[in-house]
Amino acid sequence: MVDTDSGWDGRGGRGRRGARDTRGAHAADAIPNRRVAAVSLVALAALATGCGPGTATGAPEASPPVRPTQAAVPSPTRTAPVTDDAKPRTAPPPPSPSASTAPPAPAPDPTTARPAPEPSTAPPPRVLMRTGSESDRVRELQARLRQIGHFGRNPTGYYGSVTADAVRSFQAKRSLPVTGSTDEVTWQRLLAMTRVPKAAELRPPTERPLAAPDERCLKGRVLCISKNSRTLAWMIDGKVVSAMDVRFGSEYTPTREGVFEVFWKSRDHVSTLYDTPMPYALFFSGGQAVHYSADFAANGYGGASHGCVNVRDKKKVAALFDQVRTGDKVVVYW
């Protein structure tokens, strides 16, 4: 008996129902294969994006795992890890200016050229007195210089080489321009260092003490001239009216000694022999006379006359010239 429901048709195969069943089995087998293929496609699509693992919906954020054997490459915008050697350290306080560890100041570059100073456009100070000047201010200058040891004589009122040397000495010690002339700066500095001279300082009787008068000078009106003390005393009846320093002739032109008298007075005399001025001349022996000498006022006893009796105080000899009369006695002695 043949079972018609077995699906076997006797031809070595199943019947239609069996064939239909076989196709259904093949379809059922194909379903899981399609699922596997779909899952594979999803995985391939995820790997193809190149963005790394994403965050699953509803899952907490988690950092991607780092492989221990893979060196981390820093991002260009991130700061590299700081090591101990590179850590910023607290800067020490600035050293004290007086500390001995302070570095020396850098020396100026010797090759650096310094600009030359601009020439001064200020005018030089005005000159008040110079060689050849003669005035009461010159006398005061000399007295003030003598107060501080720069002028070793009594004031004469005449600005000669001795006074110029004294001014140079003063200027050099005070770091002033050494000119020998008294300008405003020199004069103001001298005034600040000295006091107003007294009358006796401005017009002392003589630089040297008067010698004891010769006995021939004790009577009458006498010009009593001592070569020893180098002084002239104008005496009336034994009393000294005025006194002044004098200078005599050299050994080649000596001043004659003895008793004479004034035989001629010449206020503005000029020597015809030597062509030199002889103001306030009182002639007593030939061409020898008592007169004012600008050279004596300027150079002192460093020079000599040609036989005359030189006086360096112009005002004193001018007054003497007015008082002495023709015929008055002249005594020249040692």
Side-chain angles (χ1 to χ4, degrees), residues 132-140 142-143 153-160 197-211 213-214 216-227 229-249 255-256 258-272 274 276-298 300 305-333:
S133 299
E134 189 172 5
S135 65
D136 286 341
R137 180 182 269 187
V138 173
R139 187 181 294 276
E140 181 182 355
Q142 294 166 335
R153 301 189 175 145
N154 285 340
T156 63
Y158 180 79
Y159 203 119
K198 298 178 181 179
E201 293 177 281
L202 292 171
R203 289 178 171 80
T206 59
E207 183 175 305
R208 295 173 174 80
L210 285 172
D214 187 278
R216 295 169 291 182
C217 299
L218 298 178
K219 293 182 180 178
R221 300 162 59 90
V222 184
L223 292 172
C224 193
I225 303 169
S226 169
K227 284 188 171 182
S229 65
R230 292 187 285 190
T231 58
L232 182 154
W234 167 233
M235 303 180 66
I236 298 177
D237 295 333
K239 292 183 179 181
V240 177
V241 177
S242 65
M244 55 206 74
D245 299 325
V246 292
R247 182 177 72 171
F248 305 100
T255 302
R256 292 182 282 271
V259 178
F260 311 94
E261 64 178 36
V262 176
F263 66 90
W264 182 34
K265 294 173 61 176
S266 179
R267 184 179 295 273
D268 298 310
H269 191 76
V270 176
S271 171
T272 56
Y274 300 105
T276 56
M278 297 173 57
Y280 308 108
L282 301 168
F283 287 92
F284 62 88
S285 176
Q288 295 185 354
V290 175
H291 67 86
Y292 169 74
S293 169
D295 181 75
F296 182 30
S305 73
H306 293 99
C308 291
V309 178
N310 292 162
V311 180
R312 61 182 174 187
D313 191 320
K314 195 172 186 178
K315 286 190 174 182
K316 283 187 175 182
V317 74
L320 180 68
F321 183 87
D322 290 338
Q323 296 174 38
V324 173
R325 305 168 187 165
T326 302
D328 286 345
K329 189 189 297 185
V330 177
V331 177
V332 180
Y333 67 102

Between D245 and K316, does the salt bridge (Lys or Arg N to Asp or Glu O under 4.0 Å) criterion hold? Intermediate values first, please.
CA-CA 10 Å; D245 299 325; K316 283 187 175 182; over 6 Å; no
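- The NE2 atom of H291 sits 6.0 Å away from atom OG of S293, with the distance rounded to the nearest 0.5 Å.
- The ring pair (Phe, Tyr, Trp, His ring centres under 6.0 Å) search around Y158 returns none, not counting sequence neighbours.
- In terms of the side-chain contact (heavy atoms from CB on, under 4.5 Å) criterion, K239 has no residue partners (sequence neighbours excluded).
- Of all the heavy atoms in G249 and S305, the pair that sits closest is N-OG, 3.0 Å.
- The minimum heavy-atom distance linking A281 with A289 is given by the pair CB-CB, 4.3 Å.
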I'd like to know whether V309 forms a side chain to side chain contact (heavy atoms under 4.5 Å, CB included) with V330, so could you lay out the CA-CA distance, the side-chain angles of the two residues, the decisive distance to 0.1 Å, and finally the verdict.
CA-CA 11 Å; V309 178; V330 177; over 6 Å; no
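- In this structure, R139 pairs ionically with D313, as a charged nitrogen and a carboxylate oxygen lie closer than 4.0 Å.
- Atoms NE2 and OG, from H306 and S271 in turn, are 8.0 Å apart once rounded to the nearest 0.5 Å.
- A donor-acceptor pair under 3.5 Å links the side-chain atoms of D237 to the main chain of G220, judged by distance alone.
- The distance from atom CZ of F284 to atom CZ of F260, rounded to the nearest 0.5 Å, is 6.0 Å.
- Sorted by first and then second residue, the salt bridge (Lys or Arg N to Asp or Glu O under 4.0 Å) pairs involving residues 261-271 (not counting sequence neighbours) are R267-D322.
- In this view, S266 and H269 satisfy the side-chain hydrogen bond (donor to acceptor under 3.5 Å, both in side chains) rule, not counting sequence neighbours.
- Y159 meets the ring pair (Phe, Tyr, Trp, His ring centres under 6.0 Å) test with no other residue; sequence neighbours excluded.
- Taking OH of Y292 as the reference point, atom CE of M244 lies at 13.0 Å (rounded to 0.5 Å).
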May I have the step-by-step check of side chain to side chain contact (heavy atoms under 4.5 Å, CB included) for W234 and L223, ending in yes or no?
CA-CA 5 Å; W234 167 233; L223 292 172; 3.6 Å; yes
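- Expressed to the nearest 0.5 Å, how far CG of L232 lies from CG of L210 amounts to 9.0 Å.
- With hydrogens and angles ignored, the 3.5 Å screen pairs no side-chain donor or acceptor of R221 with any backbone N or O of V324.
- To the nearest 0.5 Å, atoms CG (N154) and CD (E201) are separated by 10.0 Å.
- Using a 4.0 Å cut-off between a side-chain N of Lys or Arg and a carboxylate O of Asp or Glu, R247 and D295 qualify as a salt bridge.
- For the pair S226 and F248, the tightest heavy-atom approach, listed with the atom from each and the gap, is O-CZ, 3.6 Å.
- Panel note: side chain Q142, backbone G157; a donor-acceptor pair is recorded below 3.5 Å.
- Of all heavy-atom pairs spanning A211 and T231, the tightest one is N-OG1, 4.1 Å.
- Under a 3.5 Å cut-off, the side chain of K227 and the backbone N or O of T255 do form a donor-acceptor pair.
- Nearest heavy-atom pair across Y333 and D214 is OH-N, 3.5 Å.
- Around the CZ atom of R325, the shell of radius 6.0 Å holds no more than 12 heavy atoms that belong to other residues, nucleotides or ligands.
- Under the rule for a disulfide (SG to SG under 2.5 Å), the partners of C224 that lie at least two apart in sequence or sit in another chain are C217.
- When all heavy atoms of V246 and I225 are compared, the pair lying nearest together is CG2-CG2, 4.4 Å.
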Does the pair S285 and R256 meet the rule for a side chain to side chain donor-acceptor pair (under 3.5 Å), with working shown?
CA-CA 8 Å; S285 176; R256 292 182 282 271; 2.8 Å; yes
